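Notes for the one structure printed next.
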Amino acid sequence: MASTSLFTGTIRPLPESGRPTGMFKQPVGAPLFLGPEGFAGDQQADRRVHGGPEKAVHLYPAAHYARLAEKFPEAAGKLRPGSLGENISSTTLDETRVRVGDVFQLGAAQLQLCQPRSPCWKIDDRFGCDGMAAYIAEQRLTGWYFRVLQPGAVMPETGLDLVESAADAPTLAAAMALWATHRPAPDALRQLAATPGIAAGWQRKIVDRLAWLEKQDGQESAPPPAFHVKPEAGK
């Protein structure tokens, strides 16, 4: 069983740009219902890139905060579990210890790991540190998203139990490394796209990239964008 802490939050303005975000989360102190789109009362500001059934719950490994604090000491006092917008913090799990398609029990709910998180420019704004989102993406300190297979009530401090291991699937760390490769092997990309439980949106991106790579006939190609950049003013 993996130890966990739970967090939810409502939409608030960012300190620098004033743009809305759901990143400011607070510890959960009472039982919550977890449904197909996430925890009751939890909000996301930009539904184009956050939230929805395949980004219903975000887990962020607590151990990553020490690395972030070392790299960005000016933000160390703010870097603590919940501050990157995660719903679940775990002290025992990270991207090397889970697989795409793994199914976990959280209270009465069941969750399936389906894709990594893509960091957003709002991280830089929230902490006042240019480059933090890029560093998280480059170092693949992203955490991941779950879809909800079975809704149910969840108590604070509920443990996360692996109930169905996707033993034939890659670890999330391996899948992310493949995705970030300049020219990944087509067969490896094809296998990743066919992984049971993978999020449909990520699967489409993999299939599209595979098709593009196969048209290039061996030419070098840059990896896809690793994080969501800040849109132009007014957008």
Side-chain angles (χ1 to χ4, degrees), residues 1-10 22-23 25-44 47 50-65 80-119 140-176 179 191-203:
M1 176 185 292
S3 60
T4 63
S5 299
L6 306 182
F7 302 87
T8 61
T10 55
M23 195 181 305
K25 306 294 187 188
Q26 299 298 320
V28 170
L32 276 182
F33 181 76
L34 178 57
E37 298 229 357
F39 285 103
D42 193 48
Q43 296 181 341
Q44 302 85 35
R47 299 280 293 183
H50 301 292
E54 297 201 326
K55 297 180 180 178
V57 178
H58 175 220
L59 185 148
Y60 196 72
H64 291 346
Y65 280 107
R80 55 185 178 271
S83 63
L84 277 169
E86 67 266 35
N87 301 113
I88 303 176
S89 176
S90 172
T91 59
T92 54
L93 295 178
D94 64 24
E95 294 83 355
T96 69
R97 298 171 65 88
V98 296
R99 297 179 182 274
V100 178
D102 277 350
V103 177
F104 292 84
Q105 191 79 30
L106 183 71
Q110 277 195 356
L111 313 175
Q112 184 175 42
L113 193 160
C114 58
Q115 63 182 313
R117 178 189 184 177
S118 294
R140 298 190 281 279
L141 306 174
T142 65
W144 57 86
Y145 285 116
F146 291 112
R147 65 165 62 91
V148 178
L149 298 180
Q150 175 182 299
V154 179
M155 299 288 291
E157 306 297 333
T158 296
L160 192 63
D161 286 316
L162 179 65
V163 295
E164 186 179 328
S165 174
D168 295 331
T171 65
L172 185 64
M176 294 168 68
W179 180 241
Q191 185 174 358
L192 178 59
T195 302
I198 192 170
W202 194 25
Q203 183 183 55

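Predicted, not measured: the structure shown is a model, and the values here were computed from it. Just so it is clear, the values below take in all heavy atoms, side chains as well, and ignore hydrogens, waters and symmetry mates.
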Quiz item: Quick one: are Tyr145 and Val57 in side-chain contact, heavy atoms under 4.5 Å?
Solution: no
Quiz item: Taking side chain as C-beta onward, heavy atoms only, is His64 less than 4.5 Å from Glu95?
Solution: yes
Practice problem: Please say whether more than 12 non-hydrogen atoms of neighbouring residues, nucleotides or ligands are located less than 6.0 Å from CD in Glu54. | Solution: yes
Quiz item: Going by heavy atoms in the side chains, are Pro151 and Pro36 under 4.5 Å from each other?
Solution: yes
Quiz item: If you look at every heavy atom in Gly29 and Pro156, which pair is closest and at what distance?
Solution: C-CG, 3.6 Å
Quiz prompt | Smallest separation among heavy atoms of Gly85 and Lys25, with atom names | solution = O-CE, 3.3 Å
Quiz item: Between Gln112 and Gly101, is there a donor-acceptor pair closer than 3.5 Å when you use the side chain of the first and the backbone of the second?
Solution: yes
Practice problem: Report yes or no: do Ser5 and Ser89 form a side-chain donor-acceptor pair below 3.5 Å? | Solution: no
Self-check item: Cys114 versus Trp202, closest heavy-atom pair with distance
Solution: O-CE3, 4.0 Å
Exercise. I would like to know whether Gln203 and Gln115 meet side-chain contact (heavy atoms from CB on, under 4.5 Å); could you show each step before the answer?
Key: CA-CA 9 Å; Gln203 183 183 55; Gln115 63 182 313; over 6 Å; no
Quiz prompt | Presence of salt bridge, Asp168 and Arg99, under 4.0 angstrom | solution = no
Quiz item: How long is the gap from OG1 on Thr92 to CZ on Arg97, to the nearest 0.5 Å?
Solution: 6.5 Å
Quiz prompt | Heavy-atom pair with the smallest gap, counting every atom of Trp144 and Pro61 | solution = CZ3-CG, 4.0 Å
Quiz item: Taking it one step at a time, do Gln110 and Val163 satisfy side-chain contact (heavy atoms from CB on, under 4.5 Å)?
Solution: CA-CA 9 Å; Gln110 277 195 356; Val163 295; 4.1 Å; yes
Quiz prompt | Donor-acceptor pair, side chain of Arg140 and main chain of Ala174, under 3.5 angstrom | solution = no
Quiz item: Between the main-chain N or O of Leu84 and the side-chain N or O of Glu86, is there a donor-acceptor pair closer than 3.5 Å?
Solution: yes
Quiz prompt | Residue that, paired with Tyr60, satisfies side-chain contact (heavy atoms from CB on, under 4.5 Å) out of Leu141, Leu93, Asn87 | solution = Leu141
Practice problem: Identify the heavy atoms of Thr195 and Leu192 that sit nearest to each other, and give their distance. | Solution: OG1-O, 2.9 Å
Quiz prompt | From CG (Leu59) to CZ (Arg117), nearest 0.5 Å | solution = 11.5 Å
Exercise. Please report the closest heavy-atom contact between Val154 and Ala109, naming both atoms and the distance.
Key: CG2-CB, 4.3 Å
Self-check item: Gln44 and His58: side chain donor to acceptor below 3.5 Å
Solution: no
Quiz item: In Å and rounded to the nearest 0.5 Å, what is the CZ to CG distance from Phe104 to Leu162?
Solution: 5.0 Å
Practice problem: Compare all side-chain heavy atoms of Ser118 with those of Thr142 and state whether any distance is below 4.5 angstrom. | Solution: no
Quiz item: Do the side chain of Asp42 and the main chain of Gly9 share a donor and acceptor less than 3.5 angstrom apart?
Solution: yes
Quiz item: Got a donor-acceptor contact below 3.5 angstrom from the Glu37 side chain to the Gly51 backbone?
Solution: no
Exercise. In sequence, state the C-alpha distance, the side-chain angles, and the governing distance for Val103 and Leu149, and then conclude on side-chain contact (heavy atoms from CB on, under 4.5 Å).
Key: CA-CA 9 Å; Val103 177; Leu149 298 180; 3.9 Å; yes
Quiz item: Taking atom CG of Asp161 and atom CG of Leu106, what is their separation to the nearest 0.5 Å?
Solution: 9.0 Å
Practice problem: Kindly determine whether Thr4 and Glu157 satisfy side-chain contact (heavy atoms from CB on, under 4.5 Å), including the steps that lead there. | Solution: CA-CA 6 Å; Thr4 63; Glu157 306 297 333; 5.9 Å; no
Quiz item: Under a 4.5 Å cut-off applied to non-hydrogen side-chain atoms, are Val148 and Leu34 in contact?
Solution: yes
Quiz prompt | Spacing of Thr8 atom OG1 and Gln26 atom CD [to the nearest 0.5 Å] | solution = 8.0 Å
Quiz item: When rounded to the nearest 0.5 angstrom, what is the spacing between OG1 in Thr171 and CG in Asp94?
Solution: 9.5 Å
Self-check item: Ring centre gap for Phe39 and Phe7 strictly below 6.0 Å
Solution: no
Quiz item: Hey, is the main chain of Gly107 close enough, under 3.5 Å, to the side chain of Gln105 for a donor-acceptor pair?
Solution: yes
